[in-house]
Amino acid sequence: MSDPRILTVRPEPGEFAWTFGGAPPVARIEPGTVLDLYTEDCFAGRVRSEKDLVSEVCEFPFLNPQTGPFHIEGAEPGDTVAVHFVSIEPARDWAASTTVPLFGALTSTHTTASLQPPLPETVWIWQLDRTRRTALFRAHDSDIEAELPMDPMHGTVGVAPANLEVRSALVPDAHGGNMDTPEMRAGVTCYLGVNVEGALLSLGDGHARQGEGETCGVAVECAMNTVVIVELLKGLATPWPRIESDTHIISTGSARPLEDAFRISQLDLVQWLVRDYGFSELDAYQFATQAVESPLANVCDTNYTCVAKIRKQWLPTGETYRGLHARLRETAATLR
């Protein structure tokens, strides 16, 4: 096997994308390319202290900047782009989180309107120890401090949507986008169905860590230095974003209401079992019902995202996505 091509991209402040679809590619890449990327945090680096309120330093809709898009040579509708995360490392020793007026799962929002006033806007700056792999929480209203383990991930990974659509980088849907699942960590492969020629892959929204559901709407947001390997599977469709780790196969679904996001992820997992593991549809439905794990990804975005995952050790012997995850893991090991 020849050495993979490596493309390093460090965008300047005016060079990020704010949508999926509608943005010209920053580069054309061949399948097998390694991308060494810098991604900015969801605030575009503007929330740097507890005094930097989002409503004052950020301009809606210019939130969630994406690095990309990348035109993948040969990618056509009906194909699948595979994005293997080799490493995801915080680019700074700090990260920011905040409450945002009329945003989050435990407050009134623009779509769940009520007479109660918005929650106050408050910023927490988390100190990251990149050597010890910890993130330090400091309470505002007491002397409580707590160190949590870092678990770096990307909240947003996606391709251009279908049907000539342009979607905000804040929105998750079948194209990927702002799914905000902690499953999108180093060592996994994300599969995305191609909707337009070249796919137009982008990613961003790094989190030093995030609880399932992203309840207040904001994780421990930080800039990232991320390395991914991008591959292409011709003639293999992926209806909703899927993730493969060493231990699980993982389906996602994004919609409102929440139960529809749940249904999408569960149905996609059932259909995955049928396609690649030899189950009939009803057998897959029964097996998934008893074996599935169903963590929440986000319950705050424009669409909510649910996850459905099954342990590989419980599955029949079979090969999914032409065995690509294992091969990408081998390639990733040569890059470290």
Side-chain angles (χ1 to χ4, degrees), residues 16-29 31 42 60-83 110-111 154-181 184 189-205 230-243 250-272 274-275 297-308 321:
F16 293 97
W18 305 95
T19 61
F20 286 90
V26 299
R28 299 174 74 99
I29 64 172
C42 70
F60 186 83
F62 297 104
L63 295 166
N64 228 16
Q66 301 298 300
T67 299
F70 297 93
H71 178 110
I72 301 163
E73 300 289 2
E76 300 172 300
D79 298 338
T80 290
V81 166
V83 184
H110 295 289
T111 54
H154 273 280
T156 307
V157 184
V159 295
N163 303 321
L164 303 178
E165 287 191 354
V166 175
R167 304 300 295 273
S168 164
L170 296 170
V171 178
D173 211 313
H175 67 283
N178 195 30
M179 296 177 284
D180 285 320
T181 171
M184 204 74 72
T189 303
C190 176
Y191 302 109
L192 299 162
V194 176
N195 302 304
V196 303
E197 183 182 353
L200 300 180
L201 170 72
S202 300
L203 67 156
D205 191 26
V230 181
E231 267 295 357
L232 180 64
L233 291 164
K234 294 293 295 179
L236 185 61
T238 298
W240 284 86
R242 293 173 175 174
I243 303 168
I250 305 163
S251 289
T252 70
S254 298
R256 285 201 187 198
L258 182 60
E259 56 263 35
D260 281 353
F262 176 85
R263 291 183 181 109
I264 291 168
S265 64
Q266 299 286 321
L267 175 60
D268 187 75
L269 185 65
V270 166
Q271 292 174 335
W272 194 351
V274 170
R275 188 185 76 181
N298 91 82
V299 191
C300 55
D301 289 336
T302 308
N303 286 327
Y304 302 149
T305 303
C306 287
V307 165
Y321 284 96

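Because the structure is a prediction, the values reported are computed rather than measured.
Between W18 and L170 the shortest side-chain heavy-atom distance does not fall below 4.5 Å. C306 places none of its side-chain heavy atoms less than 4.5 Å from the side chain of T252.
Partners of A297 by side chain to side chain contact (heavy atoms under 4.5 Å, CB included), not counting sequence neighbours, listed by chain and number: T181, T305, V307. Listed by chain and number, the residues in a side chain to side chain donor-acceptor pair (under 3.5 Å) with H175 amount to none (sequence neighbours excluded). Take F16 and apply the ring pair (Phe, Tyr, Trp, His ring centres under 6.0 Å) test, not counting sequence neighbours, and it matches no residue. Remark: Y191 pairs with Y321 by the ring pair (Phe, Tyr, Trp, His ring centres under 6.0 Å) rule, at least two apart or across chains. Residues passing the side chain to side chain contact (heavy atoms under 4.5 Å, CB included) test with P61: none are found, sequence neighbours excluded. With sequence neighbours excluded, the residues forming a side chain to side chain contact (heavy atoms under 4.5 Å, CB included) with C42 are N64, D205, E221, listed by chain and number. Residues forming a ring pair (Phe, Tyr, Trp, His ring centres under 6.0 Å) with W240 (at least two apart in sequence, or on another chain): none. The side chain to side chain donor-acceptor pair (under 3.5 Å) test applied to D79 returns K234, not counting sequence neighbours. The salt bridge (Lys or Arg N to Asp or Glu O under 4.0 Å) search around R28 returns E73, not counting sequence neighbours. P257 meets the side chain to side chain contact (heavy atoms under 4.5 Å, CB included) test with E259, D260; sequence neighbours excluded.
For the residue pair V81 and V83, the shortest heavy atom distance occurs at CG1-CG2, 3.9 Å. Of all the heavy atoms in P241 and A174, the pair that sits closest is CD-O, 3.4 Å. What you find for A308 and S265 is that their closest heavy atoms are CB-O, 3.6 Å. Considering every non-hydrogen atom in both A255 and I264, the closest pair reads CB-CD1, 3.9 Å. Of all non-hydrogen atoms in L200 and V196, the two that sit nearest each other are CD1-CG2, 4.1 Å. Between P239 and D268 the shortest heavy-atom distance is CG-OD1, 3.3 Å.
Listed by first then second residue, pairs satisfying salt bridge (Lys or Arg N to Asp or Glu O under 4.0 Å) with a partner in residues 158-172 read E165-R167, R167-D173, not counting sequence neighbours.
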field: Residue pair L192, V159: steps toward the side-chain contact (heavy atoms from CB on, under 4.5 Å) verdict
entry: CA-CA 7 Å; L192 299 162; V159 295; 4.0 Å; yes
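Once rounded to the nearest 0.5 Å, the distance linking CE of M184 with CD1 of I250 reads 8.5 Å.
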